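Here the structure comes first, spelled out in structure tokens, and everything after it is commentary.
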Amino acid sequence: MRSDFQSQATSESLQKRARVLRLVRDFFDARGFTEVQTPVLCREAVIDRHLDPIPVAMRLPASEPETWYLQTSPEQSMKRLLASGLSSIYQIGPVFRDGELGRYHNPEFTMLEWYE
């Protein structure tokens with residue numbers, strides 16, 4: 001494993017992260033929002049010329065290999081939920097972006113997104 005992909009998380013930072021996530025959930029729950037979880041791996045990618053999705057080769061039963069994508073944002077799936085009648089929703093979850101790696105940024109990170 002390359003050293004730039006190793007976790008730098010300490011016990012203290014993981015505990016802080018858990019407290020922040022609990023506070024965020026409490027904030028939205030107190031305001032009547034529903035937490036949702038949308039797919040991370042989808043046939044389509046969110047179209048944004050500034051974001052590059054990570055392609056994944058999928059071999060489904062009795063089919064030819066297909067390219068699916070790790071989502072750069074839950075936006076598209078969440079807007080579909082809004083269109084289906086849900087309102088006041090939020091999601092905290094992993095998103096992925098190709099070509100983005102630095103000292104403080106990994107290709108996978110946690111995003112909070114919400115809609116009313």
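Note that the structure is predicted; figures quoted are calculated from it, not measured.
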For this session: Work out which heavy atom in Arg17 is nearest to a heavy atom in Thr110; give both atom names and the distance.
Result: NH2-OG1, 2.6 Å
Exercise. Would one find more than 12 heavy atoms of other residues, nucleotides or ligands at under 6.0 Å from atom CZ of Arg59?
Worked result: no
Exercise. Taking a hydrophobic cluster as the set of Ile, Leu, Val, Met, Phe, Trp and Tyr residues connected by side-chain heavy atoms closer than 4.5 Å, whether directly or through intermediates, do Trp68 and Val40 fall within one such cluster?
Worked result: yes
Problem set entry | Separation of Arg19 CZ from Leu14 CG (nearest 0.5 Å) | 11.0 Å
Exercise. Looking only at atom types and distance, does a side-chain atom of Arg97 sit under 3.5 Å from a main-chain N or O of Leu51, one as donor and one as acceptor?
Worked result: no
Exercise. For the residue pair Glu108 and Pro94, what are the closest heavy atoms and their distance?
Worked result: OE2-CB, 3.6 Å
Exercise. Is the backbone of Thr38 close enough, under 3.5 Å, to the side chain of Gln91 for a donor and an acceptor to pair up by distance?
Worked result: yes
Exercise. Could Arg31 and Phe27 be counted as a cation-pi pair, given that NZ or CZ must be under 6.0 Å from the ring centre and within 45° of the axis?
Worked result: yes
Exercise. Can you tell me if Glu113 and Tyr115 form a side-chain donor-acceptor pair at under 3.5 Å?
Worked result: yes
Problem set entry | Non-hydrogen side-chain atoms of Met111 and Ser73 separated by less than 4.5 Å | yes
Exercise. Going by heavy atoms in the side chains, are Pro53 and Leu70 under 4.5 Å from each other?
Worked result: no
Problem set entry | Pro74 and Val95, any side-chain heavy atoms less than 4.5 Å apart | yes
Atom pairs and distances, donor-acceptor, side-chain atoms in residues 75-86, under 3.5 Å, two or more places apart:
unit_1: Glu75; atom_1: OE2; unit_2: Lys79; atom_2: NZ; d: 2.9
unit_1: Ser84; atom_1: OG; unit_2: Leu81; atom_2: O; d: 2.7

For this session: Fit a plane to each ring of Phe28 and Trp114, take the angle between them on a 0 to 90° scale, and name the class: parallel (under 30°), tilted (30 to 60°) or perpendicular (over 60°).
Result: tilted
Exercise. Is there a path of hydrophobic side-chain contacts, each under 4.5 Å between heavy atoms of I, L, V, M, F, W or Y residues, that connects Ile54 with Met58?
Worked result: yes
For this session: Indicate, with yes or no, if Leu112 and Leu21 share a hydrophobic cluster defined by side-chain heavy-atom contacts under 4.5 Å among Ile, Leu, Val, Met, Phe, Trp and Tyr.
Result: yes
Exercise. Atom OG1 of Thr10 and atom CD of Gln15: how far apart are they, to the nearest 0.5 Å?
Worked result: 8.5 Å
Problem set entry | Asp98-Tyr69 side chain donor-acceptor pair, cut-off 3.5 Å | no
